[in-house]
Student: 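First the structure, which I've put down as structure tokens, then a few questions once you've had a look.
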Amino acid sequence: MDASDPHQPSSPEQRPATRAPRETPWEVYWPRDLSATRSAIPIASFPPIVYFWPTMIALAAGAALQALGWAGAVTIGWLVTAALSFNLMVIVLDLDQKKFLIACLLGLLLGVVAWIAHDKEWAVLSSGAGWVAGLAPTYSTDALLLLFTAIAGLFLLGMMRPRFDYWRFEPNEFTHYVQPFGRDLSIPRQGSTVSREVPDLLEFFLLFGGGSLVIKREGQVVARIDHIPFLGRRMVALEAMLGVTRVQNQDPS
């Protein structure tokens, strides 16, 4: 383009400044515009029911397959039972990096022992394995639909809470809002630190890089925000807003 073009800015100072994207409370569900400099970032804690999406998928898929006449009722029963058991384990146990590694090693050890027991025909272990293999858990289509409806209803109810109970992180303060009442708590940015923690690797995977945010002031924990989906993505914008040197990323171990 010709330098004499009147529509072309003659210097960087004359170019219009890029406006920071305006945040909305709906971003507690999905963070957007992470590469841009943000003036505020909404973050919320989700209830533990958010981890039950694998069970809902298993229930919905199982009910659909059985309604279509698929003859694998036992397979569906095992998948639904495994998904529900897995979600309950996530709620009960907290597996950090070390515990997760130990659990994986124990699972591998049990697999080796089971293989040796089958190969050597150990009576006790073989009978136990045979008993488990002989189980045939099944669910009727109505039972699958009822369980899906109950869990999905609680899931939707739990997903409504972050829209009305959330935090708003700004460069100068961190504010907790409870709608429709408004501001509930305000923490000054000066003297405060924000750290990311991953207390459970299973929760980390189920929330697609989720975790917890801990706000400390003068070394004391003043607020903790748990069960945050996509926290890894949110940290990009949070670090850009507060400054990389001011946000501490803690080792999940």
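For the numbers below, each heavy atom of this structure counts, side chains included, while hydrogens, waters and symmetry mates do not.
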Student: Decide whether Ser45 and Asp226 meet the rule of one side-chain donor and one side-chain acceptor closer than 3.5 Å.
Tutor: no
Student: Return the orientation label for the Tyr177 and Tyr166 ring planes: parallel under 30°, perpendicular over 60°, tilted otherwise.
Tutor: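 Parallel: the ring planes of Tyr177 and Tyr166 meet at under 30°.
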Student: Look at the side-chain heavy atoms of Ile, Leu, Val, Met, Phe, Trp and Tyr, link any pair under 4.5 Å apart, and say whether Phe205 and Phe86 land in one connected group.
Tutor: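 Yes, it is one cluster - the side chains of Phe205 and Phe86 are joined through contacts under 4.5 Å.
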Student: Are Trp70 and Leu68 co-members of a hydrophobic cluster defined by side-chain heavy atoms under 4.5 Å apart?
Tutor: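 No, separate clusters.
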Student: Given Leu201 and Leu95, is the side chain to side chain contact (heavy atoms under 4.5 Å, CB included) satisfied, shown in steps?
Tutor: CA-CA 6 Å; Leu201 281 182; Leu95 300 178; 5.5 Å; no
Student: Would you give the length of the straight line joining atom CZ of Arg163 to atom CD of Glu27, rounded to the nearest 0.5 angstrom?
Tutor: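 Reported value, rounded in 0.5 Å steps: 11.5 Å.
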Student: Would you say the side-chain atoms of Arg233 pair up with the backbone N or O of Pro31, donor to acceptor, closer than 3.5 Å?
Tutor: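 It does hold such a pair.
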Student: Could you tell me whether the side chain of Arg224 reaches within less than 4.5 Å of the side chain of Glu197, counting heavy atoms only?
Tutor: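 Yes. Closest side-chain heavy atoms under 4.5 Å.
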Student: What I'd like to find out is whether the side chain of Leu206 reaches to under 4.5 Å of the side chain of Val90, using heavy atoms alone.
Tutor: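 Yes, side chains in contact.
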Student: Just list the side-chain donor-acceptor pairs under 3.5 Å for residues 58-66, sequence neighbours left out, or say none.
Tutor:
unit_1 : atom_1 : unit_2 : atom_2 : d
Gln66  : NE2    : Tyr139 : O      : 3.0
Gln66  : NE2    : Thr141 : OG1    : 3.2

Student: Output the distance between atom CG (Asn172) and atom CD1 (Ile187), rounded to the nearest 0.5 Å.
Tutor: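 Separation between the atoms: 14.0 Å.
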Student: Between His227 and Tyr51, is the ring centre distance below 6.0 Å?
Tutor: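 Yes - the distance between ring centres of His227 and Tyr51 falls below the 6.0 Å cut-off.
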Student: To the closest 0.5 Å, what do you measure between OG1 (Thr75) and CH2 (Trp78)?
Tutor: 10.5 Å
Student: Apply the test side chain to side chain contact (heavy atoms under 4.5 Å, CB included) to residues Leu231 and Leu207: give CA-CA distance (whole Å), side-chain angles for both, the deciding distance (0.1 Å), then the verdict.
Tutor: CA-CA 8 Å; Leu231 181 55; Leu207 293 186; over 6 Å; no
Student: Please find the pair of heavy atoms, one from Met56 and one from Ala152, that lie closest to each other, and give the distance.
Tutor: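 So the two residues come closest at SD-CA, 3.5 Å.
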Student: Can we say Arg183 and Glu173 salt-bridge, meaning some charged N sits less than 4.0 Å from an Asp/Glu carboxylate O?
Tutor: yes
Student: Is there a donor-acceptor pair closer than 3.5 Å between any side-chain N or O of Arg234 and the backbone N or O of Gly210?
Tutor: no
Student: List the atom of Pro171, the atom of Arg189, and the distance in Å for their closest heavy-atom pair.
Tutor: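 Smallest heavy-atom distance, with atoms named: O-CG, 2.9 Å.
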Student: Looking only at the aromatic ring of each residue, does the gap between the centers of Phe174 and Trp167 stay below 6.0 angstrom?
Tutor: no
Student: For the pair Leu213 and Leu238, evaluate side chain to side chain contact (heavy atoms under 4.5 Å, CB included) and give the outcome as yes or no after the intermediate values.
Tutor: CA-CA 11 Å; Leu213 277 182; Leu238 191 59; 4.1 Å; yes
Student: Heavy atoms only: give me the nearest Tyr29-Phe230 pair and the separation to one decimal.
Tutor: O-CE1, 3.6 Å
Student: Considering all heavy atoms of both residues, which atom of Met241 and which atom of Phe169 are nearest to each other, and what is their separation?
Tutor: CE-O, 3.3 Å
Student: Looking only at heavy atoms, which two atoms of Pro54 and Ala83 are closest? And how far apart?
Tutor: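 It is O-CB, 4.2 Å.
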Student: Would you say the rings of Phe208 and Trp53 are close, in the sense that their centroids are separated by under 6.0 Å?
Tutor: yes
Student: Do Trp30 and Phe204 share a hydrophobic cluster, counting only Ile, Leu, Val, Met, Phe, Trp and Tyr and linking them when any side-chain heavy atoms are less than 4.5 Å apart?
Tutor: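 Yes, it is one cluster - the side chains of Trp30 and Phe204 are joined through contacts under 4.5 Å.
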Student: Count I, L, V, M, F, W, Y as connected when their side-chain heavy atoms are under 4.5 Å apart, and connections chain through other members. Are Leu106 and Leu93 then in the same cluster?
Tutor: no
Student: Return the SG to CG distance between Cys104 and Leu109, rounded to the nearest 0.5 Å.
Tutor: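 Between Cys104 SG and Leu109 CG, I get 13.0 Å after rounding to 0.5 Å.
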Student: Can you tell me how far OG1 of Thr55 sits from CG of Leu79, rounded to the nearest 0.5 angstrom?
Tutor: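 The OG1 atom of Thr55 is 11.5 Å from CG of Leu79, to the nearest 0.5 Å.
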Student: Hey, are the side chains of Arg196 and Val214 touching, using non-hydrogen atoms and a 4.5 Å cut-off?
Tutor: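 Arg196 does not reach Val214 side chain to side chain.
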Student: For the atom pair CG (Leu144) and CD1 (Ile76), what is the distance rounded to the nearest 0.5 Å?
Tutor: 7.0 Å
Student: In this structure, would Ile91 and Leu84 fall into the same cluster of hydrophobic residues linked by side-chain contacts under 4.5 Å?
Tutor: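 Yes, because Ile91 and Leu84 connect within a single hydrophobic cluster, where side-chain heavy atoms sit under 4.5 Å apart.
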Student: Please determine whether side chain to side chain contact (heavy atoms under 4.5 Å, CB included) holds for the pair Leu145 and Leu147, giving the CA-CA distance in whole Å, both sets of side-chain angles, and the decisive distance to 0.1 Å.
Tutor: CA-CA 5 Å; Leu145 288 175; Leu147 286 172; over 6 Å; no
Student: Grab the two heavy atoms, one from Ala44 and one from Ile228, that are nearest each other, plus how far apart they are.
Tutor: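 Taking Ala44 first and Ile228 second, the nearest heavy atoms are O-CG1, 3.7 Å.
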Student: When you compare the side chains of Arg217 and Ser192, does any donor N or O come within less than 3.5 Å of an acceptor on the partner?
Tutor: yes
